[in-house]
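Notes for the one structure printed next.
Along the sequence shown, residues are numbered consecutively beginning with 1. Numbering of ligands and ligand atoms starts at 1, following listing order.
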Amino acid sequence: GTHHWIPRSQRLFGGQIIGQALVAAAKSVSDNLYAHSLHCYFVRAGDPKVPVLYQVDRIRDGRSFTVRSVRAIQHGQPILICQASFQMLQPSPLQHQFTMPVVPPPEDLLTVEELIRLYLSKPDLAEKYKLGLNKLLANEVPIEIKPVNPPVFYKLTASEPKNLFWVRARGYIGEGNMKLHCCVAAYVSDFAFLGTALLPYPGYRAQFAASLDHAMWFHSTFRSDEWMLYECESPWAGGSRGLVQGRLWRRDGVLAASCSQEGVLRVKPVTRPSKL
Ligand SMILES: CCCC(=O)SCCNC(=O)CCNC(=O)[C@H](O)C(C)(C)COP(=O)(O)OP(=O)(O)OC[C@H]1O[C@@H](n2cnc3c(N)ncnc32)[C@H](O)[C@@H]1OP(=O)(O)O
């Protein structure tokens, strides 16, 4: 696996490693099987200077379900261990899902880049914020994001640990390759996910934040290059860790996937300039 967007932390982006691990697992199963879940642990930081080797173990090929175990390896050591399970399409009379939250459509909202440009155009914006916003703008991520409740970047306001944004992969993937859409959704699902646990604590900034594990369940067909609503919430934080849970909704209200992640969050108080 080669690298796309590299975060400022200079560790490999977790979503990229999960997405590529799922690509590797998916290549080892037959075409009539579809990913329905994955469970991963990030055991070492990924090094952006070298590629990642994905080693797949064929754990079991069952009649309906097939399980693969993938190790992502760099410098001879695992950086991620991932179990992925695939199933052949099977109908069922049992069918239910939660209801998608009612939010404005993506066409009525601004992308993160448009929001940043809007803030940068404000004549009264302090210099110290301009630098941070320009750094964010230079961050070329292969995902488009439209926050439903855009954050006010320079205001320290605590909010509930809940977040909603429209997301889609940049570029065209097209219909047909459901395995690829799941891999791209795995990439997308790790982006801006753990930050949900920090929303109630504007007085602290993350000194060290990294995902420890990530799990996903795929429920229906979807296209990751079309807008999906990502509903994120953090039911708990403590012990220098935060738990986040997410639901990816197709815009027609069908629940496409569910995600869970725990991350290490080491924070320090934001220092405000003295008024003297
Ligand atoms: C949030 C974006 C989502 C992402 O994509 S994150 C990328 C995917 N996830 C990862 O890369 C995580 C990979 N896993 C790992 O790196 C390791 O397993 C992991 C989680 C660091 C745990 O390894 P350990 O050896 O147990 O590391 P550690 O927790 O002792 O140290 C990690 C860093 O924290 C620091 N630390 C330790 N105790 C601390 C304390 N009490 N207060 C403040 N900082 C502390 C420690 O120095 C270390 O920092 P650094 O890595 O040296 O810069």
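With a heavy-atom cut-off of 4.0 Å, Phe208 touches ligand 1 through its side chain alone. If you look at Val43 next to ligand 1, the close heavy atoms, those under 4.0 Å, all belong to the backbone. By the criterion of a heavy-atom distance under 4.0 Å, the backbone of Leu12, and not its side chain, is placed next to ligand 1.
Atom 21 (C) of ligand 1 is approached by the protein to below 4.0 angstrom, counting heavy atoms only. Within the 4.0 Å cut-off (strictly below), a protein heavy atom is located near atom 18 (O) of ligand 1. By the definition of a contact as any protein heavy atom under 4.0 Å away, atom 36 (N) of ligand 1 is in contact. Distance remark: protein heavy atom present below 4.0 angstrom from atom 11 (O) of ligand 1. Less than 4.0 angstrom separates atom 44 (N) of ligand 1 from at least one non-hydrogen atom of the protein. Not a single protein heavy atom sits closer than 4.0 Å to atom 24 (P) of ligand 1.
Look at Glu113 and Arg170 and you find a salt bridge, because one of the NZ, NE, NH1 or NH2 atoms lies within 4.0 Å of a carboxylate O, short of that distance. Here Asp124 does not pair with Lys122 in a salt bridge; the nearest charged N to carboxylate O distance is not below 4.0 Å.
Under the 3.5 Å distance criterion, with hydrogens and angles disregarded, a donor-acceptor pair is assigned to the side chains of His214 and Ser189. Judged by distance alone, the side chains of Gln97 and His219 never bring a donor and an acceptor atom under 3.5 Å apart. Trp249 and Glu231 share a side-chain donor-acceptor pair at under 3.5 Å.
Counting protein heavy atoms only, atom 16 (O) of ligand 1 is closest to Arg11 NH1, 3.0 Å. Closest protein heavy atom to atom 14 (N) of ligand 1: Phe42 O, 3.3 Å.
The ligand atoms of ligand 1 that sit less than 4.0 angstrom from a heavy atom of Asp190 are 3 (C), 4 (C), 5 (O). Every atom of ligand 1 is numbered from 1 in the order shown, and the set under 4.0 Å from a heavy atom of Leu212 is 20 (C).
Although no hydrogens or angles enter the test, the distance criterion places a donor-acceptor pair under 3.5 Å between the side chain of Lys146 and the main chain of Pro106.
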Could you pull out every donor-acceptor pair under 3.5 Å between side chains of residues 47-57 and any protein atom, sequence neighbours left out?
unit_1, atom_1, unit_2, atom_2, d
Asp47, OD1, Lys49, N, 2.8
Asp47, OD2, His75, NE2, 2.8
Tyr54, OH, Gln20, OE1, 2.7

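For the ligand labelled ligand 1, residue Gly263 lies outside the 4.0 Å heavy-atom shell.
The shortest distance between side-chain heavy atoms of Thr196 and Lys162 does not fall below 4.5 Å.
With distances taken over non-hydrogen atoms, the option nearest atom 29 (O) of ligand 1 out of Arg266, Gln261, Arg241 is Arg266. Which of Gly15, Ser211, Ser240, Gly14 comes nearest to atom 6 (S) of ligand 1 through a heavy atom is settled by distance: it is Ser211.
The list of salt bridge (charged side-chain N to carboxylate O under 4.0 Å, His left out) pairs with a residue in residues 84-111, not counting sequence neighbours, reads Glu107-Arg251.
Residues Ile81 and Val70 do not share a hydrophobic cluster, defined by chaining ILVMFWY side chains whose heavy atoms lie under 4.5 Å apart.
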